[in-house]
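A quick write-up on the structure given underneath.
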Amino acid sequence: MPRYNPAAIEPKWQKYWDENRTFVTPRLPQGKKMYVLDMFPYPSGDGLHVGHPEGYTATDIVCRYHRMKGTSVMHPMGWDAFGLPAEQHAKKTGTAPRITTEQNIANFRRQLKMLGFSYDWDRELATTDVDYFRWTQFIFLVLYDTWFDPEQGRGRPIDELPLPKQIELKEDLVREYRDDHRLAYQLEAPVNWCPALGTVLANEEVIGGVSERGGHPVVRIPLRQWMLRITAYADRLEKDLDQLDWSESIKSLQRNWIGRSEGADVDFFIDDETTDDGRPSRERFTDWTSDRDEAGFPTKPGPDVLRVYTTRPDTLFGATYMVIAPEHPFVRRLTQPDQAKAVDTYCEQAARKSDLDRTDLAKNKTGVFTGSYAINPVNGEAIPIWVADYVLISYGTGAIMAVPAHDTRDFEFAQTFDIPIVAVVDPGKSTEVDRNEVLAGRQCSVEDGTAINSGIYDGLITADFKKTITTDLHKRGLGRKAVNYKLRDWLFSRQHFWGEPFPILHELDAAGKPTGRLRTVPADELPVDLPKDMKFDAAHDSPEPPLDKAPEDWLYVTLDGKRYKRETNSMPQWAGSCWYYLRFLDPKNDQALVDPEIEKAWMPVDLYVGGAEHAVLHLLYARFWHKVLHDRGYVSMDEPFQKLVNQGMILGEMEFTGYQDADGRWTSAAQVANAADNGQIDKRSGRPVVPVRVEPEAVEKQGESFVLVADPSIKIDSRAYKMSKSRGNVVNPDEVVSGFGADSLRLYEMFMGPLEAVKPWSMDGVSGVHGFLNRVWRMIVDERADELQLNEAIEDVEPDVDQNRMLHKTIHAVTQDLDQMAFNTAIARMMEFTNFFLKQDARPKSAMEKLVLMLSPFAPHMAEELWQLLGHDKTLAFEPWPAHDEAALREDAIEVPVQINGRLRAKIQVATDADAKTLLAAAKANERIAELLEGKTMVKEIVVPGRMVNFVVK
RNA sequence: GCGAGAGUGGCGGAAUUGGCAGACGCGCUGGAUUUAGGAUCCAGUGGGCAACACCCAUGCGGGUUCAAAUCCCGCCUCUCGCACCA
């Protein structure tokens with residue numbers, strides 16, 4: 001088989017690596033270590049997608065490269081295998097989720113092996129393995145057993161939680177107090193229950209009050225849930241980003257999500273007793289302030305105040321009303337009888353809306369007046385308290401002071417309800433707003449500026465004002481500096497079968513009702529496996545988890561004479577992926593989640609590659625767990641992923657789209673607008689049009705855009721779309737491998753462009769790199785012979801100077817590119833090498849060997865085959881990476897551009913090390929330059945040795 | 001609206017950080033070989049031009065500099081994320 005035949009050599013070498021256990025990693029690294037991790041896939045029924053091999057090829061190249069540089073490399077692979085699709089499949093077909101999952105894993109494993117990745121398959125694991133989720137459950141117990149000590153800034157065992165004196169000896173109170181501090185706690189939280197689908201939906205699956213799939217009504221009902229107190233770690237999760245080698249854009253996504261803000265908590269006096277006009281009395285307010293003056297600012301607000309959080313304490317004098325969220329506990333209390341009906345109706349409506357609906361209706365502010373007033377602590381003025389759903393109960397204190405002059409939302413609200421607008425910040429000269437309009441209260445300005453209408457604070461600039469007033473409020477016991485986060489606690493339970501069961505038992509009383517007392521399943525009795533034989537209903541009629549219908553012998557447990565019911569919620573898919581990188585290090589350990597010695601030797605993950613879709617949640621959750629495990633002494637470092645790279649999405653092939661109406665008449669793409677019914681119309685005629693795929697031949701570029709060749713007045717859209725089944729532009733790796741081979745697929749995915757960029761697929765591009773591999777093959781192999789043998793141009797001779805220079809230039813460039821993960825340019829370098837040596841009649845064997853070694857991380861199958869042909873009897877996986885020789889790079893002469901007034905006019909040949917003087921002389925001696933300089937006045941001569949010469953003349 | 005990133009030939013993309021714009025690949029054009037080509041080889045290929053002279057050209061408009069894709073200012077467009085977070 002003298003022709004390059006990937007279908008034969010790829011399986012051959014895959015078998016070789018398997019049988020020789022080439023990539024099995026030792027327990028502990030020997031010498032320098034490198035832990036390279038891929039985000040493990042969810043093994044869907046559709047199989048691998050060309051997006052998967054992109055990141056996997058990149059990490060495989062890095063691993064193979066570093067092995068050749070003598071590093072101990074850890075490179076495992078596994079499966080994020082819990083998830084809803086297998087459960088839905090079970091409901092439809094009756095096939096148990098475990099069966100479906102195993103089939104899908106087998107398919108994924110086959111596809112990954114087909115691509116020749118150098119994973120240590122002995123470490124393979126799935127989050128659904130009972131031996132694995134035993135430790136996921138164990139970590140849950142750690143979370144349950146931990147409270148966050150804000151003073152030390154770390155998680156500590158719950159029995160170290162200091163107890164307030166008054167509860168010390170009361171068992172039930174102690175229990176409650178502890179439960180209130182655990183990192184894992186229970187909460188009644190609303191879920192989206194869809195009776196028609198018989199399932200609980202995630203927020204993003206509910207659109208406009210109905211399910212995304214099928215459009216069935218969804219109701220929000222409260223359900224007991226498990227929560228994880230990730231907010232306790234918000235500060236560390238944000239700060240520690242600084243020490244990580246992640247792209248700024250991912251860090252900023254995380255920072256954004258955590259959403260730290262600094263401001264102040266401020267108490268506004270409210271009172272059940274009011275004067276005739278319905279406002280709190282002056283005297284009682286004065287008494288309150290003097291009380292506060294003595295007692296200071298209380299940690300928890302009492303019933304006599306409405307506490308707000310603000311990032312703009314400098315605008316306190318401009319607060320003309322207050323707003324509390326419809327769910328605020330004071331709503332009822334503050335509502336005056338004549339407002340009761342309006343407030344009730346409003347709150348009821350708000351309760352029915354999902355968070356999403358509330359924000360969708362952002363355009364118009366709604367709200368109702370409660371009839372009550374609060375007193376602004378800085379100026380003693382009584383201001384009305386409203387209820388409005390633009391204030392969220394889940395952020396800050398669920399109540400705000402509204403400063404319409406300097407907050408756009410408050411401004412809109414105040415305009416709608418005709419509430420006074422008082423400017424307290426003079427924006428000065430501003431490009432954003434009209435200063436006079438702002439001062440008159442007709443325009444809103446959120447900019448910093450100078451304080452006005454603010455009593456003794458007038459004249460202060462915003463930043464100083466904030467500091468000063470926060471200190472003053474604190475002194476008078478009216479407020480305090482505060483920090484808030486957008487990050488919410490993590491809703492950690494799902495009403496699904498196919499997830500990790502919680503190791504939690506609920507105590508039952510004699511009547512079989514829960515007493516509210518919990519008991520954990522002891523760590524040494526884990527795992528809690530899922531019940532084996534469970535029937536699945538296509539839908540069930542209650543939002544309770546499916547495990548509620550588990551067989552009784554699973555569901556009920558009797559311990560120490562007490563009866564318990566198992567927790568029937570299951571953990572979310574995130575749970576298993578939160579710590580898999582630790583288990584890979586020690587996957588068979590049945591004594592610990594990971595042996596500390598091994599953990600210390602291999603962690604942290606030196607390179608983590610995956611899609612940007614996990615930029616926020618997965619990475620945040622995993623970092624959170626890692627920090628808890630660190631605080632509790634299970635792992636040595638407090639960040640798991642040192643370097644993170646996100647591969648860009650691979651889009652479908654470029655498409656040209658034109659628009660036609662029902663009669664087949666074209667409409668220019670520039671004229672197309674979205675119609676109300678999701679369709680598209682011609683803006684001018686109003687006729688509906690439909691997108692039509694246009695062949696590339698029918699299109700040409702004209703100026704900035706593409707137009708129809710047949711009618712250049714018709715503009716055509718050109719873009720690549722995300723691959724999707726519905727668009728029919730999905731590329732299947734199996735297809736590419738059978739057409740071109742795995743090496744071509746790998747090479748193409750790396751050659752497309754920078755790893756992190758979003759890029760469109762092109763089958764022609766695959767055939768392009770396939771052609772390159774063919775040329776490499778022909779450069780080394782005698783294609784005309786019947787037997788596999790070396791090309792007769794391969795000779796056992798020293799390279800000549802030019803050949804040697806090309807060789808070492810290539811080594812130098814490829815090595816540098818690999819260090820920077822610039823795979824596309826590394827491949828280009830090897831193409832140049834190949835183009836050069838194909839023209840050489842004598843190809844030194846040593847040079848060919850070095851190319852094969854450099855190519856091996858990219859196209860390992862072909863490289864192994866050629867390496868063998870070049871006379872080696874074992875794998876090249878551990879051959880030393882070629883080193884370049886600086887001396888070989890030297891050129892005798894170089895070409896230097898000569899410019900006149902910055903324009904290229906000639907190129908001269910000079911010695912490589914020519915100094916400025918020589919260079920200048922050579923430039924002036926050039927015929928063309930001399931001619932052009934004739935009769936001109938020299939203003940300046942710029943000479944950069946080895947680079948260029950520029951004459952500035954008049 | 002806020003945040004991040006990006007705009008370079010027909011297409012994907014290079015450009016050692018201010019120093020010859022367009023490496024490498026695709027596509028296209030011409031030629032060679034071939035029964036044939038979606039195989040292989042050779043040559044060409046940013047635009048204008050008879051021209052290898054010259055002019056224009058890195059989203060647009062200014063600026064700094066001997067010199068700008070690269071630095072500064074102001075716009076425009078696209079992609080992604082967040083979205084009433086007080």
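Reckoned from all heavy atoms, side chains included, excluding hydrogens, waters and symmetry mates. Not measured: the values here are computed from a predicted model.
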At less than 4.0 Å, is any side-chain N or O atom of S767(A) found next to OP1 or OP2 of G38(B)? Yes or no. no

F268(A): what forms a ring pair (Phe, Tyr, Trp, His ring centres under 6.0 Å) with it, not counting sequence neighbours? none

N950(A) near the nucleic acid: base, sugar-phosphate alone, or nothing, with a heavy-atom cut-off under 4.0 Å? base

Runs of at least three consecutive Watson-Crick or G-U pairs, both distances under 3.5 Å, are what I'm after; which ones involve RNA chain B? B:1-7 with B:76-82, B:10-12 with B:24-26, B:27-32 with B:40-45, B:46-48 with B:54-56, B:59-63 with B:71-75

Taking the side chain of K907(A) as its heavy atoms from C-beta onward, which of C20(B), C54(B), A86(B) lies nearest to it? C20(B)

What integer number of Å spans the C1' atoms of U64(B) and G74(B)? 15 Å

Is the shortest side-chain N/O distance from R928(A) to OP1 or OP2 of C54(B) below 4.0 Å? yes

Would you say the side-chain atoms of H812(A) and H884(A) include a donor-acceptor pair closer than 3.5 Å? yes

U79(B) versus G13(B) - spacing of their P atoms, nearest Å: 16 Å

R775(A) side chain N/O closer than 4.0 Å to the phosphate oxygens (OP1, OP2) of G25(B)? yes

Determine the Euclidean distance between corresponding C1' atoms of G38(B) and G27(B); express it in Å to zero decimal places. 13 Å

Inter-nucleotide C1' distance (U34(B), C41(B)), Å rounded: 12 Å

Below 4.0 Å: OP1/OP2 of C41(B) and any side-chain N or O of R778(A): yes

Please give the distance between the P atoms of A68(B) and C55(B) as a whole number of Å. 15 Å

Does a side chain donor of either Y748(A) or T57(A) reach within less than 3.5 Å of an acceptor in the other side chain? no

Looking at E934(A) and K936(A), does any basic side-chain N land under 4.0 Å from a carboxylate oxygen? no

For residues Y485(A) and T231(A), is any side-chain donor paired with an opposing acceptor at under 3.5 Å? no

